[in-house]
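Note that the structure is a prediction, hence the values are computed from the model and not measured. Chain letters run A, B, ... following the sequence lines, proteins first, then strands; residues in each count from 1.
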Amino acid sequence: MQARVIMLVDLDFFFAQCEERRNPSIRDKPVVVCVYSGRSEDSGAVSTANYIARKYGVKAGIPIYLAKKKLKDVDAVFLPVDHEFYDEVSEKIMRILRSHADRFEQVGIDEAYLDVSRKVNGDFEQAEKLAKKAKDEVKAHEKLTCSIGIGPNKLIAKIASDIKKPDGLTVVKPEQVESFLSPLPVSSLIGVGRKTEEKMVAMGIRTVRDLAEYDAQRLIEAFGRNLGTYFHKASIGIDDEPVQERSGVESISRISTLKKNTRDLELITEKTNHLCDQVYEHLAQSGLSFKSVGIVAVMTDMSILSRSETFENPTDDLEVLKKTAKELFERLLKESELEARRVGVKVFNFVKKQEEQKQLTSFLGFPES
DNA sequence: GTATGCTTTCGGC
DNA sequence: TTACGGCCGAAAGCATAC
């Protein structure tokens, strides 16, 4: 059993970098990739921005209008998102990265874990060379930079990848794990969100070092056996999560901004029926059935409300989807007085169609063939 | 008390 | 000072089961 060597590869400011590659003449300017909602000239939000734009405070999530204001005296480039193009680029890069890994796990469109333990014989020097080679290859074939973190597990690799970017490479060897982790805030650990961090701070735990020094048994008392054990192990750099292929998406959703804010169920249903059609189209390509339907509404004050329903048995029926979405919106409107601004539909809890058959037959007591 | 599953919210890009 | 997308997975909260 040799030591594990794990890499996390993160494609830098991915959408904006794709746009720079397509049109290199914009590379020295702020590049802002936007999602326009169509409601008015500049309504919408920033999806991602290159590092030049970030120097002006332009980053993912801010309104387009605000981004334009921050860049009003600058020669900046604003572009609409082009997901098809990014998907294409991502697919090619993932193929390159996969070829360098013993095991591969893609996370979203621009990130992947590579287990390279065997490939580099458990040697971190070799892993660093391999990472440079992968970076060079991605650069040569796809003209894109990425940032890589290397560590003895996914936890360390992920945190390491954030240390230097863009175009960074950070290696944390097993003997460096303790000094690497100790000073970080507990929120650096996956699994520690705002609430958990607050709870830990109240217990006198701010840094990973504090967490590591905290009595493991007391952690278990405070967070339960699973979480408590996980936190204790993570604090000393232990993480046994394997790098494994993701079987597929966990949810498919479509959301859209309404022309006008409304609480008229018929107007909303008109829009969500269309969204259901799109979700269904995507679903049909994947050959999946779903057990759960969810809806989401962004209200006038930008607060987000959601409702969902899980069925006894999986289905792939478009009419069931539409009917359920409508009922959920009806319920949501009863429980809020605000008008809806954006509405969305999603399906999740997937079952592959063959397995659905299997589930049914085993339920009925037939022997499996 | 803890595990599990479902629902809702949060947060990154 | 306001302004505001679409999609995903993770986190959190709760009810019920064990």
Side-chain angles (χ1 to χ4, degrees), chain A residues 10-18 32-50 53-54 58-70 80-83 86-87 90 105-111 158 161-162 165 187 189-199 220-231 241 246 248-258 261 275 278-279 282 291-312 328 331-332 335-336 341-350:
Chain A
D10 185 297
L11 303 176
D12 299 320
F13 56 102
F14 182 54
F15 296 176
Q17 212 192 340
C18 285
V32 187
V33 178
C34 305
V35 182
Y36 292 93
S37 71
R39 204 177 233 220
S40 65
E41 174 82 13
D42 282 333
S43 67
V46 171
S47 183
T48 193
N50 69 359
R54 289 183 200 188
V58 173
K59 54 184 180 178
I62 71 170
I64 296 169
Y65 184 99
L66 182 57
K68 291 211 164 166
K69 187 173 149 190
K70 287 176 183 284
V81 284
D82 180 356
H83 276 284
Y86 312 144
D87 279 340
S90 168
E105 177 178 349
Q106 187 174 338
V107 185
I109 194 172
D110 66 348
E111 255 184 57
K158 171 74 179 164
S161 75
D162 267 327
K165 49 171 48 175
S187 55
L189 304 174
I190 297 172
V192 182
R194 189 168 52 87
K195 293 285 179 181
T196 306
E197 183 174 27
E198 278 171 21
K199 188 167 165 183
I220 290 170
E221 281 162 23
F223 295 99
R225 198 172 70 200
N226 268 348
L227 260 185
T229 307
Y230 165 75
F231 287 146
E241 285 305 303
R246 302 229 172 166
V249 288
E250 294 182 13
S251 69
I252 296 173
S253 63
R254 288 294 177 272
I255 183 167
S256 175
T257 302
L258 296 161
N261 297 356
L275 295 173
Q278 293 179 23
V279 165
H282 189 155
K291 276 185 74 178
S292 303
V293 173
I295 55 131
V296 60
V298 179
M299 312 308 281
T300 314
D301 65 350
M302 300 306 281
S303 62
I304 300 171
L305 298 175
S306 63
R307 295 292 181 268
S308 67
E309 182 176 342
T310 300
F311 311 128
E312 194 93 356
L328 289 170
R331 205 177 104 200
L332 183 143
E335 295 166 23
S336 168
R341 176 189 174 90
R342 297 160 62 199
V343 293
V345 174
K346 82 166 170 177
V347 291
F348 55 108
N349 259 340
F350 294 132

Point to revise | Position toward the 5' end of DNA chain C (nearest nucleotide), Ser40(A) or Lys346(A) | key: Ser40(A)

Revision key, fill the gap. By nearest-heavy-atom nucleotide on DNA chain C, the more 5' of Ile255(A) and Met302(A) is Met302(A)

Exercise for review: Just compare dT8(B), dC7(C), dA3(C) and give me whichever is closest to any side-chain atom of Ser306(A).
Suggested key: dT8(B)

Point to revise | Proximity to the side chain of Ala60(A) - top-ranked nucleotide from dG9(C), dG6(C), dC13(B) | key: dC13(B)

Review point. Ignoring hydrogens and angles, are the base of dG5(C) and the side chain of Ser47(A) linked by a donor-acceptor pair under 3.5 Å?
Key: yes

Check your understanding: Whole-Å distance between dA12(C) P and Ile304(A) CD1?
Key -> 17 Å

Exercise for review: Could you state the atom-to-atom distance from CZ of Arg39(A) to P of dC4(C) in whole Å?
Suggested key: 8 Å

When all nucleic acid strands are considered with a 4.0 Å heavy-atom cut-off, which category describes [X]: base, sugar-phosphate, or nothing?
X         : result
Val298(A) : nothing
Lys69(A)  : base
Gly44(A)  : sugar-phosphate

Check your understanding: When you look at NZ of Lys165(A), are more than 12 heavy atoms from neighbouring residues, nucleotides or ligands closer to it than 6.0 Å?
Key -> yes

Exercise for review: Step through the shown structure and confirm whether more than 12 heavy atoms of other residues, nucleotides or ligands are within 6.0 Å of OH on Tyr65(A).
Suggested key: no

Point to revise | Smallest separation among heavy atoms of Cys34(A) and Ile64(A), with atom names | key: CB-CD1, 3.6 Å

Check your understanding: Is Arg341(A) near enough to dG5(C) that one of its side-chain N or O atoms lies under 4.0 angstrom from OP1 or OP2?
Key -> yes

